[in-house]
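Only this structure's heavy atoms are used, side chains among them; waters, hydrogens and symmetry mates stay out. Below, chains carry the letters A, B, ... as their sequence lines are ordered, and counting in each starts from 1. Because the structure is predicted, anything quoted here is derived from the model rather than measured.
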Number of protein chains: 2
Amino acid sequence: MTPKKIGSGRRGRGRPQSFDREQTLCAAMRLFWDRGYDGTSFDDLIAAMGISASSFYNAFGSKEALYQEAIDAYLKVAGAWFFAALQEDTDTRTAFLHLMTAAAAEFTRDDLPSGCMIAVAATQCAPAQTRLRDLLASQRTRSEAEMTDRLRRGIAAGDLPADTDIEALAAFYGSLLRGMAVQARDGASRARLLEIARIAMQAWPVTQELHPPETLPHSYAQSP
Amino acid sequence: MTPKKIGSGRRGRGRPQSFDREQTLCAAMRLFWDRGYDGTSFDDLIAAMGISASSFYNAFGSKEALYQEAIDAYLKVAGAWFFAALQEDTDTRTAFLHLMTAAAAEFTRDDLPSGCMIAVAATQCAPAQTRLRDLLASQRTRSEAEMTDRLRRGIAAGDLPADTDIEALAAFYGSLLRGMAVQARDGASRARLLEIARIAMQAWPVTQELHPPETLPHSYAQSP
DNA sequence: TTTTTTTTGGTGTCATCACTCCACAAATCC
DNA sequence: GGATTTGTGGAGTGATGACACCAAAAAAAA
């Protein structure tokens, strides 16, 4: 049941797996990313992965199981920029600026499908696919919780007003990210997404750190 | 071929249509809205509409044709608040505030499916459904153009800085709306969406009315 | 070599899908 | 009433969906 990892020390007894599991998983991920779960047929999958139906079931179990693995792979490989931005060692505002900027860049890469695999997936689906829908929704919730945590740390670090509604602010940036993913899917350019990100940062709560009293608007009136 | 309109003056020769076309179309719209095109099966459709398969094809032609009609119906009936907000006779900022507020309310009605039928539909789909995908994408483009127009009128009316990047601003609010639709689908409360809308309005470009020029240097509005 | 494991191709299954056809019932006009 | 038009239920269509099974080949460890 436990699939042997290829090329990592321990070797099984029989004929080794002739395909790179990670590589075929990646191919499946791209297809799912581009077409969604429903839009990706079994035949398309094994064709893109370059393996036979039997090998497919042997290695991945089912289409749904593969999809779950593909999501994990997406989070690890393609979604790394998200967590990286939130763990950056900067002030909170800069972290979110980088997050939005990275999103604009990542959503419009020409070596990967546009947009995000998770952001808007399975929001409308047949009742039979409640499992997948919940899975995707919980991933979205998780990524928003990740942002909330970063904001909380910002308050602790003192670079965000203590009375900031961090859940709402995380929901705001979460919404933006999802909307940007749709824009990217619809063909928006990277420049356009960067503009959106720039505007989004205007909504950042005003802090003492970023705008010290002497640079606040009212004192500008008296500078030469 | 042209379907007779029920109860409107001219009457055909044979047996009249026994169902209200508008009503059955509305039922189909709700189903498509909730489950998407793929997620809605033919059998589910005729069950919800309360008509037979024959009547269905007689009246609507095909599933895809019905979907297009459903989108038109959605725009006229359920999406009316969008156009209404943009045609409101107020200043531009208030119009967009009302737009976002209305979205928060409309996306979380308990008498209709949550979210938006168009906002995030068919972003990931099988290659065979390029037609639908393009149809939805063009509707999204159109709604964004509608916002751009309103912003343009705002500049003409002088309540928006003349150098505002109105396309980018429209894309920003368009992204937000789509993201909010996803949030609503994932179960976000109306209060949460209203919070997002509130934060989004913080990004509104600085205007003379709100911040007289002598108290706000232009550099304040640009990102680092 | 034997054993073990995984490969491949092909064929079959069972369900669902969107759609179609048909015979006939019902409602309106002449 | 007869003609005309549209309704209905129900059975059937071909296509596609995701699998499942099988036999035989291949490759490596024992």
* Structure fact -> Going 5' to 3' through nucleotides 7-16 of chain C and flagging B where a protein heavy-atom sits under 4.0 Å of the base, S where only the sugar-phosphate is that close, and - otherwise, we get BBBB------
Listed partners of [X] passing salt bridge (Lys or Arg N to Asp or Glu O under 4.0 Å), at least two apart:
X	result
B:Arg190	none
A:Asp134	none
B:Arg133	none

Spacing between [X] atom [atom1] and [N] atom [atom2], to the nearest angstrom:
X	N	atom1	atom2	value
B:Arg21	D:dG7	CZ	C1'	15 Å
B:Lys63	D:dT16	NZ	C1'	13 Å
A:Asp20	C:dT6	CG	P	16 Å
B:Phe56	C:dC19	CZ	P	7 Å
B:Phe42	D:dA11	CZ	C1'	14 Å
B:Leu66	C:dC19	CG	P	10 Å
A:Ile46	D:dA20	CD1	P	14 Å
A:Asp43	D:dG17	CG	P	6 Å

* Partner residues of A:Tyr57 under the ring pair (Phe, Tyr, Trp, His ring centres under 6.0 Å) criterion, sequence neighbours left out -> A:Phe42
* **Contacts of type ring pair (Phe, Tyr, Trp, His ring centres under 6.0 Å), residue B:Phe82, not counting sequence neighbours** => none
* Can you see which heavy atom on A:Phe60 is nearest to which on A:Met49, and at what distance? => CE1-CE, 3.4 Å
* Would you mind reading off the bend of the helix from C:dT1-D:dA30 to C:dC30-D:dG1 from its two end axes, five pairs each, to 10 degrees? => 0°
* To do: Can you run down the ring-ring contact (aromatic ring centres under 6.0 Å, His included) pairs that involve residues 103-124 of chain B, sequence neighbours left out, and say none if there aren't any?
  => B:Trp81-B:Phe107
* Structure fact -> Walking DNA chain D from its 5' end, the first of A:Asp44 and A:Gly61 to be reached, judged by nearest nucleotide, is A:Asp44
* Name the nucleic acid region contacted by B:Tyr57, choosing base, sugar-phosphate or nothing; use a 4.0 angstrom heavy-atom cut-off, strictly under. => base
* Describe, in one word, how the ring planes of A:Tyr173 and A:Phe96 are oriented to each other, choosing from parallel (under 30°), tilted (30 to 60°) and perpendicular (over 60°). => tilted
* To do: Could you list all the salt bridge (charged side-chain N to carboxylate O under 4.0 Å, His left out) pairs where at least one residue sits in residues 175-184 of chain A, not counting sequence neighbours?
  => A:Glu144-A:Arg178
* **Partners passing side chain to side chain contact (heavy atoms under 4.5 Å, CB included) against A:Thr90 (at least two apart in sequence or in another chain)** => A:Glu88, A:Thr94, A:Ala95
* To do: Strictly below 4.0 Å, heavy-atom distances to any atom of DNA chain C: list the hits from residues 30-40 of chain A, or just say none.
  => none
Mind listing the side-chain donor-acceptor pairs of residues 111-123 of chain B below 3.5 Å, one per line with the distance, residues two or more places apart or on another chain?
unit_1   : atom_1 : unit_2   : atom_2 : d
B:Asp111 : OD1    : B:Arg109 : NE     : 3.0
B:Asp111 : OD2    : B:Arg109 : NH2    : 2.8

